[in-house]
2 protein chains.
Amino acid sequence: MLYKKSKQRDRILELLKTTGSHPSADWLYEKLKAEFPRLSMGTIYRNLSILEKQGLVKKIDFGSTYDRFEANITPHYHFICEVCGAIKDLELPVEYQLEKKVEEETHMTVHKHRIEFFGICNACMAKKGS
Amino acid sequence: MLYKKSKQRDRILELLKTTGSHPSADWLYEKLKAEFPRLSMGTIYRNLSILEKQGLVKKIDFGSTYDRFEANITPHYHFICEVCGAIKDLELPVEYQLEKKVEEETHMTVHKHRIEFFGICNACMAKKGS
DNA sequence: TTTATATTAGTAATTGTTCCGAATATTGTT
DNA sequence: AACAATATTCGGAACAATTACTAATATAAA
Ligand SMILES: [Mn+2]
Ligand SMILES: [Mn+2]
Ligand SMILES: [Zn+2]
Ligand SMILES: [Zn+2]
């Protein structure tokens with residue numbers, strides 16, 4: 001797919017580059033609707049997705065579109081399969097000193113942290129090979 | 001609030017305890033609807049939320065209910081304020097050797113990882129104090 | 001058994017996101 | 001400059017996950 005230029009897309013990227021915050025689609029829409037009175041949310045989402053494909057923008061989400069639950073309440077990290085969405089518990093030791101480091105760096109209070117590793121699980125790797 | 005017992009809630013917790021997967025609300029519903037023919041999704045969600053308040057279940061989500069975007073494409077970690085939802089970039093060095101460790105432990109392919117720290121930002125801390 | 005209230009089923013409402021078709025803008029070609 | 005090809009836009013409908021509401025039911029205590 002070839003990309004033609006679009007004033008809307010340019011401005012979305014510009015806004016994202018100049019803001020330190022990590023805005024939502026709606027925030028971008030509100031900021032730009034004065035400039036483009038007929039702007040629509042579809043345009044925001046479509047261009048964000050194009051910019052992401054171009055590697056110019058990153059989306060921060062959970063990967064999954066729905067919440068997931070577990071009864072394993074002991075602290076642990078997760079591996080998430082990018083193909084099938086499976087989530088696996090890891091045995092990797094939980095590194096609480098990271099929280100200390102962040103508190104020193106930012107002088108903010110840290111209550112907890114979370115690490116997720118993304119990749120391809122064994123089952124999906126096997127299928128892919130076949 | 002006092003909790004009365006409920007067969008539905010007991011079974012939801014039991015299912016979560018015996019499955020290694022990290023199910024969605026819908027997965028639980030599908031598993032239990034034979035047992036409770038009049039089960040509804042509202043019951044699933046309400047009980048998951050009660051079990052979470054009781055500390056018996058953890059919800060895996062992104063914190064935010066909507067996607068957020070950024071143009072900072074250099075690898076970095078995030079601090080997320082539990083009060084106002086602000087996301088801040090951290091300077092903490094990115095530790096790629098963690099990915100190696102996970103690959104050794106699981107024999108799966110790791111493409112990337114993400115770390116989020118949750119706590120209270122300076123602005124919210126100041127407000128709280130006042 | 002009576003009373004109080006937490007829980008349920010069922011459905012409606014809400015929210016964030018994606019999808020669609022007709023009109024418009026951009027780009028390359030004559 | 002005019003034309004053709006097609007990417008992009010707007011606007012609204014469709015969608016999916018979650019939450020909210022209400023009357024009926026289940027639970028616990030008196
Ligand atoms: Mn887990
Ligand atoms: Mn960031
Ligand atoms: Zn997989
Ligand atoms: Zn805050």
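A, B, ... follow the sequence lines: proteins, then strands. Residue 1 opens every chain.
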- Message: Within the supplied structure, the quantity of interest is the number of heavy atoms (other residues, nucleotides, ligands) at a distance under 6.0 Å from A:K31 NZ; does it exceed 12?
- Response: no
- Task: With DNA chain C as reference, determine whether B:R46 or B:R68 sits nearer its 5' end, using the nearest nucleotide of each.
- Result: B:R46
- Message: With hydrogens left out and only the distance checked, is there a donor-acceptor pair under 3.5 Å joining A:K5's side chain and the base of C:dT27?
- Response: no
- Item | Atom pair distance, as rounded to whole Å: CZ in A:F36 and P in C:dT24 | 18 Å
- Query: Under 30°, 30 to 60°, or over 60°: which ring-plane class applies to B:H78 and A:H22, parallel, tilted or perpendicular?
  - Reply: perpendicular
- Query: For B:F117, does its backbone N or O pair with a side-chain atom of A:E99 as donor and acceptor, under 3.5 Å?
  - Reply: no
- Task: Look at all strands and tell whether A:Y66 reaches a base, only sugar-phosphate, or nothing, counting heavy atoms closer than 4.0 Å.
- Result: sugar-phosphate
- Point-to-point distance, once rounded to the nearest 0.5 Å, from OH of A:Y77 to CG of A:L92: 7.0 Å
- Consider the side chain of A:K4, meaning its heavy atoms from C-beta on, and name the nucleotide among D:dA26, D:dC10, D:dT8 that approaches it most closely. D:dT8
- Rounded to the nearest angstrom, tell me the gap between atom CD in B:Q54 and atom P in C:dA6. 14 Å
- Message: On DNA chain D, compare the nucleotides closest to B:Y3 and A:N47; which residue's is nearer the 5' end?
- Response: A:N47
- Task: Could you walk me through whether A:R11 and A:E35 pass the salt bridge (Lys or Arg N to Asp or Glu O under 4.0 Å) test, one step at a time?
- Result: CA-CA 10 Å; A:R11 291 290 292 126; A:E35 196 168 334; 2.5 Å; yes
- Message: Closest-nucleotide mapping onto DNA chain D: is A:P37 or A:I50 further toward the 5' terminus? I mean the 5' end.
- Response: A:I50
- Message: On the nucleotide D:dG11, are OP1 or OP2 found under 4.0 Å from the side-chain N or O atoms that A:R38 carries?
- Response: yes
- Query: Any chance CD of B:Q97 has more than 12 other-residue heavy atoms, nucleotides or ligands included, within less than 6.0 Å?
  - Reply: yes
- Query: Rounded to whole angstrom units, what separation is found between the CG atom of A:L39 and the P atom of C:dT24?
  - Reply: 17 Å
- Message: Between B:F79 and A:H113, is the ring centroid distance below 6.0 Å?
- Response: no
- Residues from residues 55-65 of chain A lying under 4.0 Å of DNA chain C - heavy atoms: none
- side-chain contact (heavy atoms from CB on, under 4.5 Å) between B:R68 and A:W27: does it pass, once the steps are laid out? CA-CA 10 Å; B:R68 303 180 66 163; A:W27 185 93; over 6 Å; no
- Message: Categorize B:M41 for me: base, sugar-phosphate, or nothing, with a 4.0 angstrom heavy-atom threshold over every strand shown.
- Response: nothing
- Message: What is the distance, to the nearest angstrom, from the OH atom on B:Y45 to the P atom on D:dA16?
- Response: 13 Å
- Query: B:I44 CD1 to C:dT7 P: how many Å, rounded?
  - Reply: 15 Å
- Do B:R46 and B:S49 meet the criterion of a side-chain donor-acceptor pair at a distance under 3.5 Å? no
- Residues in contact with DNA chain C, drawn from residues 6-33 of chain B - heavy-atom cutoff 4.0 Å: B:S6, B:Q8, B:R9
- Task: Could you pick out which residue, B:L2 or B:S40, lies toward the 5' side of DNA chain C when each is mapped onto its nearest nucleotide?
- Result: B:L2
